[in-house]
Structures are given as structure tokens and as C-alpha cells.
Amino acid sequence: MMIYAVKCPRCSKKAEAQMTAVGIKGTYCEPTAKLAASRITCGECGHVIDSSEAPTDKYELWFSSTLRGHRLWAVNESHLEWLIQWLSGDLDNSRLSLADRSYVEALPKWVLTNREDAVKSLQKMRTQG
Ligand SMILES: [Zn+2]
């Protein structure tokens with residue numbers, strides 16, 4: 001099951017969102033599941049939102065910041081770590097999975113031209129985690 005790190009709408013601390021597939025997005029060649037939150041659980045204040053009947057995309061990602069006017073984000077810890085590694089050049093492109101490769105190809109240009117700043121910004125987000 002896919003878990004996103006989100007901001008609790010009640011106490012603004014880190015909460016977990018259980019994601020569920022609600023359709024398909026992406027290109028014909030690379031269809032990917034479109035995910036929506038079916039349940040948000042906050043370990044800090046105990047707030048629970050059950051939206052399993054109508055999964056929602058109204059959630060705020062925990063790992064999110066702004067870099068040069070753009071939004072830089074990661075859905076959870078492992079995504080964050082992966083991004084830091086990839087942008088730092090620590091991952092071998094030829095060994096990426098198909099999904100990772102299409103993700104990398106879809107990364108906006110401003111991320112690639114500001115790699116160092118993006119890594120710094122992501123590392124800063126990690127310390128908030
Ligand atoms: Zn909370």
C-alpha cells in the first residue's frame with residue numbers, strides 16, 4: 001500500500017495518508033495509477049479522516065517547499081531520499097526501473113538546472129521529517 005506523508009488538517013503536524021488508485025493518468029505508453037487519499041491518520045493528535053467512499057486529492061504534502069517560484073515536493077520519505085540520491089548523481093541511470101525512468105524524464109527542467117539547490121532544499125525538508 002502506498003503511504004504519503006501529509007500535513008494534518010487539524011494540528012499541522014505530519015500525518016499519514018493511505019493512497020488508493022482512482023484511475024489512470026499519464027501517457028498511452030506509460031500509464032500510471034492516479035492516486036487519491038482514502039484515509040488520513042494523524043499520530044500526533046489522533047485525527048482521522050476516512051474518505052474511502054470518495055477518495056480525495058485534497059491533502060497537503062508534508063515534504064513541500066518552493067524553489068525559484070516552483071513547487072518542489074516529495075510524497076513520502078522514500079521518494080524524498082530517492083530524489084536526493086538521483087539529483088546528487090548517486091543513482092546509475094541505466095539501472096533505473098521503467099517507472100523511475102519515466103518519472104525522471106517527466107521532471108521539470110528547472111529541477112535539472114538547479115540540481116544543487118534542489119538537493120539542499122530536499123535535505124532541509126528531510127530534517128523537518
Ligand atoms: Zn493532527
Side-chain angles (χ1 to χ4, degrees):
M1 187 190 298
M2 189 72 164
I3 302 282
Y4 280 13
V6 298
K7 193 188 251 187
C8 173
R10 191 158 81 179
C11 71
S12 297
K13 299 257 172 59
K14 190 165 79 170
E16 283 190 345
Q18 283 176 23
M19 305 305 288
T20 186
V22 291
I24 300 290
K25 64 170 185 177
T27 63
Y28 176 75
C29 292
E30 294 289 342
T32 50
K34 179 180 176 351
L35 298 175
S38 60
R39 189 182 176 86
I40 293 174
T41 314
C42 177
E44 290 290 331
C45 73
H47 193 47
V48 175
I49 300 168
D50 184 354
S51 49
S52 51
E53 295 291 319
T56 176
D57 50 13
K58 286 197 187 105
Y59 53 83
E60 209 180 320
L61 287 172
W62 180 254
F63 299 111
S64 173
S65 71
T66 309
L67 181 64
R68 295 182 202 278
H70 300 279
R71 196 161 155 262
L72 183 67
W73 51 270
V75 300
N76 54 29
E77 279 85 354
S78 51
H79 183 211
L80 185 72
E81 293 305 324
W82 188 91
L83 261 177
I84 290 171
Q85 283 186 35
W86 189 79
L87 288 169
S88 305
D90 292 344
L91 295 178
D92 183 349
N93 274 326
S94 63
R95 287 172 182 240
L96 292 182
S97 71
L98 201 59
D100 285 348
R101 220 173 296 176
S102 58
Y103 172 80
V104 162
E105 277 164 15
L107 276 175
K109 217 172 224 171
W110 64 264
V111 172
L112 306 178
T113 51
N114 293 288
R115 272 173 188 251
E116 272 180 38
D117 288 342
V119 167
K120 271 184 213 151
S121 183
L122 290 163
Q123 283 171 337
K124 208 162 147 197
M125 283 186 225
R126 178 162 61 184
T127 62
Q128 299 160 356

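In listed order, ligands and their atoms are each counted from 1.
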Please identify each residue that fulfils side-chain contact (heavy atoms from CB on, under 4.5 Å) with Arg39, with sequence neighbours left out. Gln18, Thr41, Val48, Asp50

Enumerate the ring pair (Phe, Tyr, Trp, His ring centres under 6.0 Å) contacts for residues 35-55, please, sequence neighbours excluded, ordered by first and then second residue. none

If I take atom CD from residue Gln123 and atom CG from residue Leu83, how far apart are they, to the nearest 0.5 angstrom? 11.5 Å

Do Arg10 and Glu44 meet the salt-bridge criterion of a basic N to acidic O distance under 4.0 Å? no

Strictly by modelled atom types, are Asn76 and Trp62 linked by a side-chain donor-acceptor pair under 3.5 Å? no

Under 2.8 Å from the Zn ion (ligand 1), how many protein N, O or S atoms can be found? 4

Residues sharing Trp73's hydrophobic cluster, by side-chain heavy-atom contacts under 4.5 Å among ILVMFWY, directly or via others? Met2, Tyr4, Val6, Met19, Leu35, Ile40, Ile49, Tyr59, Leu61, Val75

